[in-house]
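Just so you know, ligand 1 is whichever comes first in the structure, and atom 1 is the first atom listed for that ligand.
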Amino acid sequence: MKTKIGIFGGTFDPIHKGHLKALDNFIKRVSPEKTLVIPAGIPPHKSESATPIEDRINMLRAAVRGFDNVEICLYEAEKQEKCYSVDTLRYLHETYPDCDFVMFVGSDMLMSFDRWYKAEEIAKMTSLAVFSRNGDDIEALKGKIEELKEKICLNAEVFTDEPTEISSTEIREAVQKGTALDLILPETEAYIKSKGLYGAEKTFDKDSVLEVLKTRLTPKRFAHVLGVAETAENYAKLYGTDPAKAEIAGLLHDCTKDYSYKIQLKILEDYGVQTRLEDRKEPIIHSITAPISAKYDFGIDDEEILNALRYHTTGRAEMTLLDKIIYVADFTEPTRNYSDVNFYREKAENNLDEALFLGMKWIIRDKIDNDKFLHPDSIKMFNSLLGIL
Ligand SMILES: [Fe+2]
Ligand SMILES: [Fe+2]
């Protein structure tokens with residue numbers, strides 16, 4: 001039997017819960033081995049300028065990351081000129097020879113199918129899974145399918161699941177008014193606000209970030225990141241750097257830690273991030289994927305914050321003040337309860353470098369004593385801190 005590949009295209013401007021429900025229905029009902037989600041570059045039927053494709057892709061990646069066997073296909077997004085379904089299907093047939101394709105379409109798209117560009121060729125290259133929007137047009141859809149079957153040999157099946165009735169236009173208007181954001185995922189909301197898309201005020205939206213972290217992290221880890229954020233903010237005030245940045249870095253430093261190893265690797269692959277082999281080891285990999293997630297899921301562009309996330313596990317030579325703050329807050333925050341924690345907390349409040357140096361030695365010693373992998377950046381950190389006190 002040929003491998004069945006699902007095609008789920010759209011403008012995704014932005015991706016919303018209606019799309020996700022429809023994608024889920026499509027996968028459940030059609031059971032493709034793999035589904036390609038294909039964001040449109042410049043949609044042929046729309047002339048108004050859409051949100052930059054990079055932003056639509058970033059929101060899309062974060063929203064579908066949890067789906068198994070779903071990949072984002074950038075063929076249409078990367079094409080500089082207008083792209084028709086027939087072009088995409090020709091490309092897919094070349095890329096995935098000997099596969100069967102099933103394309104998700106809404107009922108309105110089916111009713112106008114014979115007016116699609118090169119409809120007859122499309123019908124040869126894919127079958128359609130037609131999802132009725134309101135359920136009362138099933139008979140009309142079946143009639144249309146019979147007609148298209150006779151006329152151009154189209155193979156299509158109708159499904160009665162109803163995708164949630166949400167439109168992207170409705171969401172864009174709601175974002176402008178600051179209402180109805182329960183139609184999108186908190187990830188999407190956090191991203192929209194951090195980039196100021198759709199007329200939203202450009203800001204780091206702590207509430208939506210916390211909503212995301214609550215779903216991504218175990219309750220214990222969630223409490224830990226809140227603790228690190230609060231502690232880092234205090235150290236920033238104490239040692240003279242930006243408390244807001246320290247809080248953001250604290251909140252996001254473990255934002256990918258509870259993802260499976262498979263998802264961590266997928267994040268590296270999705271964003272084309274090359275790493276050294278030692279960076280892919282657990283648990284170090286979460287400090288490589290955290291800044292990627294912070295940047296592409298939460299719209300954080302500040303290099304100082306991204307570096308503090310990047311080096312919070314291993315440390316590095318020549319650490320910045322924010323690097324040090326996150327490294328130390330990680331082992332002194334209020335939910336830590338190891339026996340010497342108060343000793344380190346006191347040190348941290350009086351001399352951050354001393355707390356950093358002692359904490360690092362303790363962490364390195366623990367790795368040696370327990371035969372755990374010692375990352376080369378930690379050795380560089382050790383050497384660079386010699387003589388700091
Ligand atoms: Fe961590
Ligand atoms: Fe942590």
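Atom CD of E147 sits in a crowded spot, with more than 12 heavy atoms from other residues, nucleotides or ligands closer than 6.0 Å. Within a 6.0 Å sphere centred on NZ of K295, heavy atoms belonging to other residues, nucleotides or ligands number 12 at most.
The minimum distance between the Fe ion (ligand 2) and any N, O or S atom of H224 involves atom NE2.
Looking at residues two or more places apart in sequence or on another chain, you find a salt bridge (charged side-chain N to carboxylate O under 4.0 Å, His left out) between R90 and D87, E121. Shown here are the side-chain contact (heavy atoms from CB on, under 4.5 Å) partners of E54, two or more places apart in sequence or in another chain: P52.
Looking only at protein N/O/S atoms, the ones less than 2.8 Å from the Fe ion (ligand 1) make 3 in total.
Other residues sharing a hydrophobic cluster with Y271 under the 4.5 Å side-chain heavy-atom criterion for ILVMFWY residues are Y259, Y261, I263, L265, I267, L268, V273, I285, I288, I292, Y296.
With hydrogens and angles left out, the side-chain atoms of Y235 and T332 include a donor and acceptor closer than 3.5 Å.
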